Asks: 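If you scroll down you'll find the structure; I have some questions about it.
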2 protein chains.
Amino acid sequence: MKLTSKGRYAVMALADLARFDNINPVSLRDISLRQGISLDYLEQIFSKLRKKEIVQSVRGIQGGYILNKKAKEIKLNNIFDAVDEKVKTVKCKKESKKGCNGKLTKCLTHNLWDELENHINNFFNEKSLEDLVKDNSEKRI
Amino acid sequence: MKLTSKGRYAVMALADLARFDNINPVSLRDISLRQGISLDYLEQIFSKLRKKEIVQSVRGIQGGYILNKKAKEIKLNNIFDAVDEKVKTVKCKKESKKGCNGKLTKCLTHNLWDELENHINNFFNEKSLEDLVKDNSEKRI
DNA sequence: ATAAACCTGAGTAAAATAGTCAAGTATCAT
DNA sequence: ATGATACTTGACTATTTTACTCAGGTTTAT
């Protein structure tokens, strides 16, 4: 059970963006340097974030990205969604009518995985970007 | 963020074992047939479960496996541990003295991943095999 | 004009996953 | 005794996923 880099990077980059987001856009180059994430990879990630309208891009020199909503309104779930970081606990999900594995009953552990998924999703639904930034400025080492 | 088959299979197989565990051991062949898991793969998994003393093996004809503790005392965490299904949210964990990425500060999102890990682990610590079997016999389709 | 920065898609090496395969050994029913 | 059942172990491998890199753009402030 592990989180992938893409998901982590997306959150890290957006947290960075939220911190340095004033009037001016923040360039991926700056984020890349501050967070130690490859520029090329960041571009892939931000392309997805832009398509899901989490950030806005500003082209040209002095360009970069700005948040498209208030940090408070951006939940971690939105971010993970955007970069296809899904919470997958089990495969037997789609066959709604039948049970799992083509059998008539649900697999023994089906309800468990559903519960777990909800548990994790609730966590991500509650946390916003703002929480992250706030939390961090308070507990700074 | 996904659970691997090994972890899922381990839980499924043990749930099956807990259900059919009377006096007689349950053979992997039966579990394989009932749960649709490859016999060879099950053998790998049970080898690990045995080493961690979650199950006991009985050799020979009419042999199989039995639980080594009561179903109530086997928590999902024990199972995942045994098959090396770890909850990993972040890489920057070991460098306790320094921050992450070799920098002096913790990465912006460090506390978040810690929180998430605890959140998930708490869930697994509370659930026992017994819960699974009980839950299932009640909510059967 | 030109350099900074965004934008896009393809390609790819390494790691993890999800198994299979082969060759045993122990035990019980008969 | 012996054959069948079932556990035991370790090596091997195909597939998939991940985590990028690379190569070429386009846009726009100065």
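In this text, all values refer to a predicted model and were calculated from it rather than measured experimentally. Here is the naming used below: chain letters follow the sequence lines, and residue numbers restart at 1 for every chain.
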Asks: If you check every side-chain atom of Asp40(A), which of dT21(D), dG19(C), dT30(D) has the closest atom?
Replies: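 Closest nucleotide among those given: dT21(D).
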Asks: Would you please classify the geometry between the Tyr9(A) ring and the Tyr41(A) ring as parallel, tilted or perpendicular, with 30° and 60° separating the classes?
Replies: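 Answer is perpendicular, since the angle exceeds 60°.
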Asks: Hey, are Lys127(A) and Glu115(B) close enough for a salt bridge, meaning a charged N less than 4.0 Å from a carboxylate O?
Replies: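 A salt bridge links Lys127(A) with Glu115(B).
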Asks: Tell me whether the rings of Phe46(A) and Tyr65(A) are parallel (<30°), tilted (30 to 60°) or perpendicular (>60°).
Replies: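 It falls in the tilted class, 30° to 60°.
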Asks: Let me know, please, whether Met1(A) or Tyr65(A) comes out on the 5' side of the other along DNA chain C by nearest nucleotide.
Replies: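 Nearer the 5' end of the strand: Tyr65(A).
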Asks: Can you tell me the distance, in whole Å, between the NZ atom of Lys51(A) and the P atom of dG9(C)?
Replies: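 Distance check: Lys51(A) NZ to dG9(C) P gives 6 Å.
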Asks: Check this for me: does any side-chain nitrogen of one of Asp81(A) and Lys52(A) sit under 4.0 Å from a carboxylate oxygen of the other?
Replies: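 No, Asp81(A) and Lys52(A) are not salt-bridged.
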Asks: DNA chain D: Gln44(B) or Gln44(A), which has the more 5' nearest nucleotide?
Replies: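 This one resolves to Gln44(B).
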Asks: Given that Lys2(A) and Gly63(B) both sit by DNA chain D, which one's nearest nucleotide is further toward the 5' end?
Replies: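 Whichever sits nearer the 5' end wins; that is Gly63(B).
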Asks: Starting the side chain at C-beta, find the nucleotide from dT8(C), dT18(D), dA5(C) nearest to Thr4(A).
Replies: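 Side chain of Thr4(A) sits closest to dT18(D).
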Asks: Does any N or O donor sit under 3.5 Å from an N or O acceptor when you compare the side chain of Glu43(A) with the base of dT21(D)?
Replies: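 Checked by distance alone, the answer is no.
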Asks: If you only use heavy atoms from C-beta on, which nucleotide in dC6(C), dA29(C), dA19(D) is closest to the side chain of Ile61(B)?
Replies: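 Per side-chain heavy atoms of Ile61(B), the pick is dA29(C).
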Asks: Atom CG of Leu39(B) and atom P of dC7(D): how far apart are they, to the nearest Å?
Replies: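 Result: 8 Å.
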